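Okay, structure first, notes after.
None of these values were measured; they are calculated from a predicted model. We name chains A, B, ... by the order of the sequence lines, and we start the count at 1 in each one.
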Amino acid sequence: MSEDTFMGVPRNTIDWKPTIDYEKCNYCMECFDFCPHKVFKKQEDDPIKLIVENPLNCVVFCRACSKTCGLDALEFPNKVEVTKKIKETRSGVASGE
Amino acid sequence: MLAKSKVKVMACSGMGKVYGLMAREAVLQTVQNLCSEQAETTCLAYIVTGDDAATAKIVDQPCITIDGCPAMCSAKSAAEMGGDIKAKFKVLDVMRLHKGAKPGTATELTEEGWAIVDEIAAKLCAEVAQIQSEGR
Amino acid sequence: MSEKYAVLPCNGLDKCAGQVAREIAQIVCENTENELICPVFYRVSDARYDKIAKENPLLVIDGCATRCASKLAGEKGLKIFRKMTVTEEAQKRGAPLAVAPLRLGAAELALGAELAAELVKEEAADASVDSGVVYPVPEEYIIHKKDKFIFRVPPEGFYFTENDCWVQPVGNRARIGITDFMQQSLSDIMFVTPPTVGATIDQFDEAGTLESGKAVFELVSPVSGKITAVNTPVLNAPELINENPYEQGWIAEIELTNFAEEQEFLLDAAGYLKVLKKKADEYHAGKKQG
Amino acid sequence: MAEELKIGVVSCSGEDCLGGTISRLATRKMLDEVRPDQTVTICLPLYIAGGQEERMFAKEYPTIAVDGCSKACAKRATEKYSGKVNSVVFVSDIIGDELAEGPALSTRNLTAEHAAMVEKVAAVVTQQFDEILSKNVK
């Protein structure tokens, strides 16, 4: 269902997903309600009520959920690094490595 | 009629966005509760179908339009029918003053949505009062 | 331009980021003619600051994503000219303030000074000059229809990212913006925070944000370079982006640094059309999940 | 299932009478609850003020007009700007002329009786909806 590739490289080689800082998260679920890609999952009966269930569904470079978080409890990888990595992977793929 | 004609207050009545519902509710609040003596509404659908009686009610009459979004359906339709548009409002402009507000859906408003509707209705009434006092 | 700004910080006392916001506001005001607005006093009384706030372009500095200062500006009916959020800037610099103590240490003070210097510099350079580059207007669009939705894609002269952003290069300059699909997904755009004129950004870096009733969208710059201008009309009339995101709804102009190489990572119209079709299908399938 | 088939449900604007209010709500119910995947709502005034989208859709896809009263604005507007409607549902036929011609209602003052009217109208629209669907499935 999610794109299998992004910028011509396999999605599962790209490390792009939100990380929940449980020290800050108050389980308001704004990010869960917002994300249409089902990246997050609610766990009603668990003390940890929210997890990142489908990291590969996360749209690479999208950080929209973090803008709904008043507590800054969502972190994303560094874009520049990720881009660098994608470019490396891509040249690797192209040269048939 | 003896009394001077009522100001026509028209909503876009949009079906697809919450802003259309807000426009509608603000108009109903205005013409049914806040200033029913000075203002009345007309259904935009009559204008769309080109109903003669509805057009006659609008031509050269003072109109206030309230639109949900920049498509400006109400203002454009009223203008096309020859209404004398005294003021145009847009729900979206009011929403900008309430950053982050969650007004509800196109079916149902939240408490926050209703509060903004009341704010818009107050603006509409103020405009109605001004138009009537100036006798324009 | 010698116009001054009104500076409205959040002054959050319970978070390090708020303290930094306050620090930035003070440095900026010390180094310019700008006038400082105290958010606490402004909240209880309009009289003191209303004139300053309404007659000058407003610079809002928020500590964290709670955006108290932005909200205060909203309540007072003010238009925001430029906005900075400290936590976002800290994040960008790879130095999140998450664990920073409430009292500002050397690192936080340095960050504050750096961000303040950026704002001061930006203000000096603000009269963003018209580059005089002529960007051709697409004569026609490729149309993708999905139910009642019609999505437009300019057939040539534009390159796209998979994040629904575009670049239109002309010589060593280019305009950037969002696609028709993204415009429609966001629906009525209410706020535009443009990138900073003079800022240098990498490919796929954030180049401003757009906010509608539905979401906040980060513009992912398709190219690297230096921002040379922003489309100021869209700041006050974001509906221009909804009307036509490829023409009058462009967001910023950028001086290209490495387009030849970066182009490889971008899609042409045909490539983007494929992505668009897939997204349009998924978007519709996703709607029911609410 | 005819996955791709969508049906436009066009409500009148409903600012002049209760029938119109019910018509709007029944239309929203189709979109929100009853047939969310297959319903497309069309904004009546956009026929005049909007771009090509609404007119083109109503030309190419089946449509059901939901009208509050016998003025049949939704039906007439669709026919004027777009094309034939496949079906018309009159709220006044379902809840009675007298009620339908009462004043327009704010959703603030919606009662259980009103909600029951919406249910009834939505049920009729659904029936029409499914009939059109079944005819269009090969």
Note to self: Rounded at 0.5 Å granularity, tell me how far CG in D:Leu44 sits from CZ in D:Arg76.
What the structure shows: 10.5 Å
Next item on the list: Report, as yes or no, whether the 6.0 Å neighbourhood of atom NZ on B:Lys88 holds more than 12 heavy atoms from other residues, nucleotides or ligands.
Entry: no
Note to self: With a 4.5 angstrom heavy-atom cut-off, is it the side chain or the backbone of D:Leu110 that approaches chain B, or both, or neither?
What the structure shows: neither
Check: Do D:Thr27 side-chain atoms and D:Val9 backbone N/O form a donor-acceptor pair below 3.5 Å?
Finding: no
Notebook entry, point to check: What distance separates D:Glu33 CD from D:Thr39 OG1, expressed to the nearest 0.5 Å?
Noted result: 11.0 Å
Checklist line | Contact residues of residues 18-37 of chain B (partner chain D; heavy-atom separation under 4.5 angstrom) | finding: B:Leu21, B:Arg24, B:Glu25, B:Leu28, B:Gln29, B:Gln32
Item checked: Neighbourhood of chain D inside residues 118-126 of chain B, taking heavy atoms under 4.5 Å as contact -> B:Asp118
Item checked: B:Lys76 side chain vs B:Ala71 backbone, donor-acceptor pair below 3.5 Å -> yes
Check: Roughly how far, to the nearest 0.5 Å, is the CG atom of D:Leu25 from the NE2 atom of D:His114?
Finding: 10.0 Å
Next item on the list: Applying side chain to side chain donor-acceptor pair (under 3.5 Å), run through D:Glu15 and B:Thr41 and close with a yes or a no.
Entry: CA-CA 7 Å; D:Glu15 295 305 345; B:Thr41 189; 5.5 Å; no
Check: For chain D, which residues from residues 50-61 of chain B have at least one heavy atom closer than 4.5 Å to it?
Finding: B:Gly50, B:Asp51
Notebook entry, point to check: Can any side-chain N or O of D:Asp67 pair as donor or acceptor with the backbone N or O of D:Cys73 at less than 3.5 Å?
Noted result: yes
Checklist line | Toward chain D, the part of B:Glu80 with a non-hydrogen atom under 4.5 Å | finding: side chain
Check: What residues of residues 98-109 of chain B sit under 4.5 Å from chain D when only non-hydrogen atoms are counted?
Finding: B:Ala106, B:Thr107
Notebook entry, point to check: Can any side-chain N or O of D:Ser23 pair as donor or acceptor with the backbone N or O of D:Val66 at less than 3.5 Å?
Noted result: yes
Checklist line | Main-chain N/O of D:Met30 paired to D:Arg35 side chain as donor or acceptor, under 3.5 Å | finding: no
Next item on the list: Check each atom of D:Thr107 against the heavy atoms of chain B and say whether the ones under 4.5 Å are side chain, backbone, both or neither.
Entry: both
Item checked: Short side-chain to backbone donor-acceptor contact, B:Lys17 and B:Met15, under 3.5 Å -> no
Check: Which residue out of D:Lys29, D:Glu79, D:Arg108 racks up the most heavy-atom pairs below 4.5 Å with chain B?
Finding: D:Arg108
Item checked: For chain B, the option from D:Ala72, D:Cys17, D:Pro45, D:Gly14 that forms the most heavy-atom pairs under 4.5 Å -> D:Pro45
Note to self: Using 0.5 Å steps for rounding, measure from the CD atom of D:Glu113 to the CD1 atom of D:Ile95.
What the structure shows: 11.5 Å
Notebook entry, point to check: Just by modelled atom types, is the D:Arg55 backbone N or O under 3.5 Å from a matching donor or acceptor in the D:Ser82 side chain?
Noted result: yes
Check: With distance as the sole criterion, is a donor-acceptor pair present between the side chains of B:Tyr46 and D:Ser13 under 3.5 Å?
Finding: no
Check: Under a 4.5 Å heavy-atom cut-off, does chain B meet the side chain of D:Leu46, its backbone, both or neither?
Finding: both
Check: Which heavy-atom pair separates B:Ala78 from B:Met10 by the least distance, and what is that distance?
Finding: CB-CE, 3.7 Å
Checklist line | Region of D:Asp32 that comes under 4.5 Å of a non-hydrogen atom in chain B | finding: side chain
Notebook entry, point to check: Can you tell me how far the OG1 atom of B:Thr49 sits from the OH atom of D:Tyr47, to the nearest 0.5 Å?
Noted result: 12.0 Å
Next item on the list: Keeping the roles fixed (side chain from D:Lys6, backbone from D:Asp37), state whether a donor-acceptor pair exists under 3.5 Å.
Entry: yes
